[in-house]
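Given the structure is predicted, the values throughout are model-derived calculations rather than measurements. Values below: every heavy atom of this structure, side chains too, minus hydrogens, waters and symmetry copies.
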There are 2 protein chains.
Amino acid sequence: MDTATLHPMAAARRKLLEAALSVIRSKGFEATTVDELCAVAGVAKGSFFHHFKTKQALGVAAAEYWSELTGAFFAAAPYHRHDDPLDRVLGYIDFRKAILTGKVPEFTCLVGTMVQEVYETCPEIRAACDASISAHAAKLEADIAEAMERHAVHAGFTAEGLALHTQAVLQGAFILAKAKGDAGVAAASVDHLRRYITLLFQPPKERNPS
Amino acid sequence: MDTATLHPMAAARRKLLEAALSVIRSKGFEATTVDELCAVAGVAKGSFFHHFKTKQALGVAAAEYWSELTGAFFAAAPYHRHDDPLDRVLGYIDFRKAILTGKVPEFTCLVGTMVQEVYETCPEIRAACDASISAHAAKLEADIAEAMERHAVHAGFTAEGLALHTQAVLQGAFILAKAKGDAGVAAASVDHLRRYITLLFQPPKERNPS
DNA sequence: GACATTATACCGACCAGTCGGTATACATCT
DNA sequence: AGATGTATACCGACTGGTCGGTATAATGTC
């Protein structure tokens, strides 16, 4: 995906946003300095404050940029091809597991990291992070709702609630991965999530009583 | 529980640690200043650096203090009384859900918040947070292992993995609660976790095929 | 030449950490 | 008992450096 073609944008602005994604995911929002973002982006400080009124404004813009990027990334993923909506949901989970590669800051979530720090101190960033997570969950929610319809599952939960739960598991898996410095523990949690959804949608009559 | 009697400790030191718990859970580690901790603790700055060599050292001490406090808190919880280990596990989950009350910073996890920020920049704090999470999970792991034995469940996962998964769900639930400013979404995720464990340990033959 | 963008120099606030010093408790020696 | 030494606890002014943000000049670009 060529990120430059998503929206026309001044070069310095996009370079600053790209820098923000990588630096903030590594060090968090507060520990990230404007000077470092400029250095990584190869841009002077004046450009930063030309494009973003404050550091907080950059935080909001970074969350929105993250939403755009991940939206396009998941929209292009192969799991949407399945006919059965349940296969699309499980395909999403498998896809999330498959991209747990490389170093920890490379597969963790920008908005999950940011919202932990600023949820009480900066309502604008908090709202932008919430919007990003909720928009992502909403796409999955559609498939879950369809799968619940198709497989006649209605027991005690909503499509929205289950979609948000998947995000909770992923965000929590990232925290464990950060604590242990290892992606394996995150993958194991995603496995549990997959098993849960499989059990939820498994028709009781066909359960193997071995 | 009288925290003062857990370990003898200079008054200023304990007041600083208590201040650290509440301030860091609200604003994160980086945004918390030594001056603010001193102000909240009602202690002079000199005392801070008498008890903690650096701010990072306070972070490590806060994680260890958190481990002590939560360890005692959960050890005293009522769910341990159940005879069936599975009831203890489900009792733990119910207890976790029951304490999701009050404002968000009051029920979220100090070490989960801290490790997100510093996992790359401060290995000492990262390790202390990992130790806190892992020790907590280990207590639950014992009950899970016993429940797996008792209920003859061995399918595709380990007691350790499931114990860590519960922590992932809880940590992720906290992130969603922070993003939405609402404890309800966290409780909903804990409900899903409970349902998952129930399904895992439900004997296939007795499943209700309604 | 008008306008958006980028670069450089700079400022005031703030922050982690230092330093000199006081207070208290408890030994040990005379 | 009183004097002396010593370790811990606590205090608050100070400092060197960093950070977010500003002012202004220089560039492109139509």
Side-chain angles (χ1 to χ4, degrees), chain A residues 4 7-24 26-63 65 114 117-118 120-126 128, chain B residues 3-24 26-63 65 114 117-118 120-125 128:
Chain A
H7 282 310
M9 193 191 298
R13 180 182 164 90
R14 187 169 48 248
K15 281 192 286 185
L16 283 166
L17 287 173
E18 289 290 338
L21 296 199
S22 90
V23 178
I24 295 176
S26 285
K27 325 198 343 177
F29 181 73
E30 292 290 343
T32 296
T33 68
V34 173
D35 285 326
E36 182 178 5
L37 289 179
C38 292
V40 171
V43 150
K45 204 168 179 179
S47 301
F48 182 98
F49 286 100
H50 172 74
H51 290 288
F52 307 102
K53 227 185 78 181
T54 63
K55 188 190 172 191
Q56 286 192 0
L58 167 100
V60 173
Y65 187 58
M114 271 205 296
E117 286 183 74
V118 301
E120 281 237 325
T121 50
C122 181
E124 294 85 3
I125 297 182
R126 197 224 90 243
Chain B
T3 62
T5 60
L6 267 180
H7 282 310
M9 194 191 300
R13 181 182 163 90
R14 188 169 45 249
K15 281 192 287 183
L16 283 166
L17 286 173
E18 289 290 340
L21 297 198
S22 88
V23 178
I24 295 176
S26 283
K27 324 197 349 175
F29 181 74
E30 291 290 343
T32 297
T33 68
V34 173
D35 284 324
E36 182 177 3
L37 289 180
C38 294
V40 171
V43 149
K45 202 166 183 179
S47 300
F48 183 98
F49 287 100
H50 171 73
H51 290 288
F52 308 103
K53 224 186 77 181
T54 62
K55 188 189 169 190
Q56 287 192 358
L58 166 100
V60 173
Y65 187 57
M114 271 205 297
E117 286 183 74
V118 301
E120 281 237 325
T121 50
C122 181
E124 295 85 3
I125 297 183

Where do N or O atoms of nucleotides 25-30 of chain D meet protein N or O atoms at under 3.5 Å, pair by pair?
none

Whole angstrom value for the distance that separates C1' of D/dA23 from NZ of A/K53: 17 Å

Residue pairs meeting side chain to side chain donor-acceptor pair (under 3.5 Å), one or both in residues 42-60 of chain B, sequence neighbours left out, come to B/D35-B/K45

How many Å lie between CG on B/L58 and P on C/dG17, as a whole number? 11 Å

Atom of A/C38, atom of A/F48 and distance for their closest heavy-atom approach: SG-CB, 3.7 Å

Can you list everything that forms a salt bridge (Lys or Arg N to Asp or Glu O under 4.0 Å) with B/E36? Sequence neighbours excluded, please. B/K27

Under a 4.0 Å heavy-atom cutoff, the residues of residues 26-35 of chain A touching DNA chain D are A/T32, A/T33, A/V34

The criterion is ring-ring contact (aromatic ring centres under 6.0 Å, His included); which residues satisfy it with B/F49, sequence neighbours excluded? none

Please find the pair of heavy atoms, one from A/M114 and one from A/G59, that lie closest to each other, and give the distance. CE-O, 3.6 Å

Taking every non-hydrogen atom, the tightest pair across A/A20 and A/A62: CB-CB, 4.3 Å

Non-hydrogen atoms of B/V40 and B/A19 that approach each other most closely: CG1-CB, 3.7 Å

What protein N or O atoms touch nucleotides 6-16 of chain D N or O atoms at under 3.5 angstrom, if any, and at what distances?
from, atom 1, to, atom 2, distance (Å)
D/dC10, OP1, B/A12, N, 3.4
D/dC10, OP2, B/H51, NE2, 2.5
D/dC11, OP2, B/A44, N, 3.3
D/dC11, OP2, B/S47, OG, 3.0
D/dG12, N7, B/G46, N, 3.1
D/dG12, O6, B/G46, N, 3.2

Distance in angstrom units between B/F52 CZ and C/dT18 C1', rounded: 18 Å

Between the main-chain N or O of A/F29 and the side-chain N or O of A/E117, is there a donor-acceptor pair closer than 3.5 Å? yes

With A/L58 as partner, the option from A/V34, A/T32, A/I125, A/L37 fulfilling side-chain contact (heavy atoms from CB on, under 4.5 Å) is A/L37

To the nearest 0.5 Å, atom CD of A/E124 lies from atom CZ of A/R126 at 9.5 Å

Please state how far atom CZ in B/F49 lies from atom P in C/dG20, giving the value in whole angstrom units. 17 Å

